[in-house]
Q: 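Have a look at this one.
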Amino acid sequence: MFQMIKHHPYFHHIKSSVFGFMFLLPTSLFALSLLLLLACNGFSVFYIYLPGYLKSSPEPIKLLPENLSGDKTVAKLVSSVMYAVKEENPPGVLKTHLSLVKKPNFSMVPIGKASVFKPKQARLSRQILRTLSSGTKPKGFFSSKVKTFFRNSKCKSRFFMTWISPIESLSDRELLAIESVFKSHPKACLVIVSNSLDSKKGSVVLKPFSDMGFKLIAVHPDFDYIFKSTYAETWFNRLKKGNINPGEVSLGQNLSNLLRLALLYKYGGVYLDTDVLVLKSINRLRNVISAQSINPETKNWSRLNNAVLIFDQNHPLLFKFIQEFALTFDGNRWGHNGPYLVSRVVERVTGRPGLNFTVLPPSAFYPVDWTRIRSLFQGPQNETHSNWLKLKLGQIRRQSYAIHLWNRQSKQVKVQEGSIIHHIISDCCIFCNSLKSKF
C-alpha cells in the first residue's frame, strides 16, 4: 500500500512543492526584511516633527510665602515732570499669570524621553560658555569677598553695579557714574560685579577711588551662589544644561537683569546701571522703584524701569520679579526680561497687602525720557533755549535723585558747553580734570 502511494503522481507533486517552499523561504524572508528596512528609512527622511510646548516650569522649591507682614500698599503717582514721555509704540503691559508658559520659538528634536533646544546658530552655545565661564576663582570666593568687604567697611549704605563688557569698554561716563555715588554718599560701599574689572587691569582703573579712601570692590560673579534658593537657581541650571534658548538678545544683558534682582534679594541695598548719575543722597529712600513714563491723561505710570532699584533684603517684590524672570523668560525680545518685566509684575500686584513698596514719579530717576535725552547734551542755541535750559536744570536739581543717561541713545553724543549735562558733570564729579572734554 505504501509503495503504491509512494509512486503515485500526486504524491510526487506534493513532494516537489514542499521542497520548493523550503528552498525559497530564506530568500523570501530576506526580501521582506529589505522592504521593512526601506520603509523605515523613508519614514525617517520624510517625517516632520511639530514642536510642542517646552516643559519649562521650574522644579518645586521651598521659598518665602507670597504674603508677608506689613500693611502699606503701593503709593499712587502724585507728580510728574515735563518731557517724561512714553516710548514710541511700546508693547502693551502683559497681564500674564505666573504659571503660564510661553510657546517656544525654536525647533525641538526628540532625544529619548527628553527634548532640548537646537540653537539656530552655533554662536549661542559659545556665547553661553563665554558668559558663564568661572575663570580661576575658587568656589566660595564671591561670598567670602563680599561678606568680608561689608564687615570691614562698616558701610552706611550699600550700592551694587554690574559690568558685563570688556574693561576696554569702560569709559569716562561709567567712571563718572561711580564718582557720583561717592560724591553724594562718601561713606557708602560699592560692589561692582564684573569678570573684567576683577583683574589686575581692573584694580588699576579703580585704584584712584581706593586711594581717596572710598570703599569699593570689583568681584567675579558666582551665579550658583547668588541665585541659590530662588527661582533663578532652577532657571540658571536649565540654561547651563542647554534646556533654555538664550535668544538673540545679549545673554550678558539678560543675566544682568536677573543678577541685579538676586543681589538685592540676597543683600539688600541700591542697584544702579552704569549710565546713571547720582545727584543727591538717596539714603532716605526705601523699597522704591520709579516710573519711566506716565499717561498724560490719567497721570498714572505707563512704564517702570529697572535701571535704579532700592530694596531691603528678601523683599517679596524682588521675589516676584525673579519668579517672573524664570517663568516667562524670552531671550528674543529686548526689554522683556527687564523694564517690561517689572512693569507687568507691579501692575499685577498693585493693591495687594504686605508688599510694602512705593512707585516714584519719573522725576526721581528719569527726568528726561530716552526720546529726548539728547536735548540735555546741547548747549544754548539762543536766548529762549538758554532760558529753557536753566529752568530744566533747576527742576532736575530740585526734584531728581539721579538721572539716567540712556546710553543706547546718547553714547556717541558730545557734551556741549553750557548744556545741562555739562553742569551736572560739575555737580557730581570727584576727579574733574578735563573730564568734560572727554565725557
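Hydrogens, waters and symmetry mates play no part in the numbers below; they use all other heavy atoms, side chains included. Computed from a predicted structure; not experimentally measured.
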Q: For Tyr271, is the OH atom crowded, meaning more than 12 foreign heavy atoms sit under 6.0 Å from it?
A: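 Counting neighbours around OH of Tyr271, more than 12 heavy atoms of other residues, nucleotides or ligands fall under 6.0 Å, so yes.
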Q: Between Tyr401 and Val308, is any pair of side-chain heavy atoms under 4.5 Å apart?
A: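 Heavy-atom side-chain distance check fails, nothing below 4.5 Å.
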Q: I want to check something: taking the side chain as every heavy atom from C-beta on, are Val345 and Gln323 in contact at a cut-off of under 4.5 Å?
A: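 No, side chains not in contact.
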Q: Can the ring centres of His404 and Tyr366 be said to be less than 6.0 Å apart?
A: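 Here the rings of Tyr366 and His404 have centres that are less than 6.0 Å from each other.
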Q: Using a 4.5 Å cut-off on heavy atoms from C-beta on, say whether the side chain of Leu239 contacts that of Leu251.
A: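 Touching, per the 4.5 Å side-chain cut-off.
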Q: May I ask you to decide if Glu383's main-chain N or O and Ser386's side chain share a donor-acceptor pair within less than 3.5 Å?
A: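 Not confirmed, Ser386 side chain does not pair with Glu383 backbone.
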Q: Could you tell me whether a side-chain N or O of Ser400 sits under 3.5 Å from a main-chain N or O of Ile403, the two making a donor and an acceptor?
A: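 No: the side chain of Ser400 does not pair with the backbone of Ile403.
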Q: I need the minimum non-hydrogen distance between Glu179 and Ile430, along with the two atoms involved.
A: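 Of all heavy-atom pairs spanning Glu179 and Ile430, the closest is OE1-N, 2.5 Å.
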Q: Would you call Arg303 and Asp369 a salt bridge, taking side-chain N to carboxylate O under 4.0 Å as the test?
A: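 Not counted as a salt bridge, because no side-chain N and carboxylate O are separated by less than 4.0 Å.
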Q: Taking all atoms of both residues into account, what is the closest heavy-atom pair of Trp163 and Ser169, and its distance?
A: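 Between these two residues, the closest heavy atoms are CZ2-C, 3.6 Å.
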Q: For Phe160 versus Gly268, what's the shortest heavy-atom pair and its separation?
A: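 Closest approach of Phe160 to Gly268, heavy atoms only: CE1-O, 3.6 Å.
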Q: Tell me whether Arg158 forms a cation-pi arrangement with Tyr267, defined as NZ or CZ under 6.0 Å from the six-membered ring centre and within 45 degrees of its axis.
A: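 Not satisfied by the 6.0 Å and 45° rule.
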Q: So, do Arg173 and Leu176 sit near enough that their side-chain heavy atoms are less than 4.5 Å apart?
A: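 Arg173 does not reach Leu176 side chain to side chain.
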Q: Checking ring pair (Phe, Tyr, Trp, His ring centres under 6.0 Å) for the pair Phe141/His220: CA distance, chi angles, key distance, verdict?
A: CA-CA 8 Å; Phe141 174 82; His220 192 291; 8.0 Å; no
Q: Give me the ring orientation class for His315 and Phe357: parallel if the planes are under 30° apart, tilted from 30 to 60°, perpendicular past 60°.
A: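 Judged by the thresholds at 30° and 60°, the geometry between His315 and Phe357 is perpendicular.
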Q: What are the two closest heavy atoms between Ile167 and Ser199, and how far apart are they?
A: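 Answer, listing the atom of Ile167 first, then Ser199: CD1-OG, 4.5 Å.
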Q: Does Ser410 reach the main-chain N or O of Trp406 with its side chain, forming a donor-acceptor pair under 3.5 Å?
A: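 Indeed, once roles are kept as given, a pair shorter than 3.5 Å links the two residues.
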Q: Apply side chain to side chain donor-acceptor pair (under 3.5 Å) to residues Asn337 and Asn257 and explain how you reach the verdict.
A: CA-CA 7 Å; Asn337 312 301; Asn257 285 326; over 6 Å; no
Q: Please name all residues satisfying disulfide bond (SG atoms under 2.5 Å apart) with Cys428, sequence neighbours left out, ordered by chain then number.
A: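 None.
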Q: Under a 4.5 Å cut-off applied to non-hydrogen side-chain atoms, are Val368 and Ile420 in contact?
A: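 The answer is no, as the side chains (C-beta and beyond) never meet within the 4.5 Å cut-off.
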Q: For Ser343 and Leu304, indicate whether the former's side chain and the latter's backbone hold a donor-acceptor pair under 3.5 Å.
A: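 Flag set: sc Ser343 to bb Leu304 pair under 3.5 Å.
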Q: Are any side-chain N or O atoms of Lys299 and backbone N or O atoms of Pro296, one a donor and one an acceptor, separated by less than 3.5 Å?
A: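 Pair found, side chain donor or acceptor close to backbone of Pro296.
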Q: Quick one: are Pro361 and Gln399 in side-chain contact, heavy atoms under 4.5 Å?
A: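 A side-chain contact is absent here, since even the closest heavy-atom pair is not under 4.5 Å.
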Q: When you compare the side chain of Val181 with that of Met161, does any pair of heavy atoms fall below 4.5 Å?
A: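 Yes, close enough: below the 4.5 Å cut-off.
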Q: Parallel, tilted or perpendicular: which describes the rings of Phe311 and Phe321, with under 30° parallel and over 60° perpendicular?
A: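 Geometry flag for Phe321 against Phe311: perpendicular rings.
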Q: Can you pull out every ring pair (Phe, Tyr, Trp, His ring centres under 6.0 Å) where at least one residue sits in residues 186-216? Sequence neighbours excluded, please.
A: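 Only Phe182-Phe214, Phe209-Phe431 qualify under ring pair (Phe, Tyr, Trp, His ring centres under 6.0 Å).
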Q: Examine distances only and state if a side-chain atom of Ser153 and a backbone atom of Cys155 form a donor-acceptor pair shorter than 3.5 Å.
A: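 Such a contact is absent between Ser153 side chain and Cys155 backbone.
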Q: For Asp312, enumerate each residue passing the side chain to side chain contact (heavy atoms under 4.5 Å, CB included) test, keeping only those at least two apart in sequence or located in another chain.
A: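 With sequence neighbours excluded, Asp312 shows a side chain to side chain contact (heavy atoms under 4.5 Å, CB included) to Arg286, Asn287, given in chain and number order.
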Q: Tell me which one of Tyr231, Phe227, Phe329 satisfies ring-ring contact (aromatic ring centres under 6.0 Å, His included) with Phe236.
A: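 One option only clears the test, and that one is Phe227.
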Q: List the residues meeting salt bridge (Lys or Arg N to Asp or Glu O under 4.0 Å) with Glu168, not counting sequence neighbours, and say none if there are none.
A: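 Salt bridge (Lys or Arg N to Asp or Glu O under 4.0 Å) check on Glu168 returns Lys201.
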Q: Using every non-hydrogen atom in the two residues, find where Lys411 and Glu174 come nearest and quote the distance to one decimal.
A: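 Minimum heavy-atom separation between Lys411 and Glu174: NZ-OE2, 3.1 Å.
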Q: Is it the case that the side chain of Thr358 and the backbone of Leu360 share a donor-acceptor pair, with hydrogens and angles ignored and the cut-off at 3.5 Å?
A: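 Answer holds: no.
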Q: Counting only N and O atoms by type, is there a donor-acceptor contact under 3.5 Å from the side chain of Ser196 to the main-chain atoms of Ser165?
A: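 Side chain of Ser196 to backbone of Ser165, a donor-acceptor pair under 3.5 Å: yes, one is there.
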Q: Aromatic rings Phe319 and Tyr265: how do their planes relate, parallel, tilted or perpendicular, breaks at 30° and 60°?
A: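 Phe319 and Tyr265: tilted rings.
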Q: Between Gln381 and Gly379, is there a donor-acceptor pair closer than 3.5 Å when you use the side chain of the first and the backbone of the second?
A: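 Here the side-chain-to-backbone pair exists.
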Q: Distance-only, no hydrogens or angles: does the Lys183 side chain make a donor-acceptor pair with backbone N or O of Cys429 under 3.5 Å?
A: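 The answer is yes, because a donor-acceptor pair under 3.5 Å joins these two groups.
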Q: Check whether any side-chain heavy atom of Pro221 lies under 4.5 Å from a side-chain heavy atom of Asn195, and answer yes or no.
A: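 Contact flag for Pro221/Asn195 side chains = yes.
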Q: Hey, could you give me each pair passing salt bridge (charged side-chain N to carboxylate O under 4.0 Å, His left out) that has a residue in residues 262-275? Not counting sequence neighbours.
A: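 Of all non-adjacent pairs touching residues 262-275, those that pass salt bridge (charged side-chain N to carboxylate O under 4.0 Å, His left out) are Arg260-Asp273.
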Q: Does anything in residues 140-149 pair up under salt bridge (charged side-chain N to carboxylate O under 4.0 Å, His left out), and if so which pairs, sequence neighbours excluded?
A: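 Checked against salt bridge (charged side-chain N to carboxylate O under 4.0 Å, His left out) - neighbours excluded - the pairs reaching residues 140-149 are Lys145-Asp198.
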Q: Whether the Lys392 and Ser375 side chains hold a donor-acceptor pair (N or O, under 3.5 Å, no angle test) is what I'd like checked.
A: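 The criterion, which ignores hydrogens and geometry beyond distance, is not satisfied for Ser375 and Lys392.
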Q: Are Glu347 and Lys320 ion-paired here, with the side-chain N under 4.0 Å from a carboxylate O?
A: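 Answer for the salt bridge query: no.
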Q: Closest approach of Leu206 and Ala218, non-hydrogen atoms and distance?
A: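 Residues Leu206 and Ala218, closest heavy atoms: CD1-CB, 3.9 Å.
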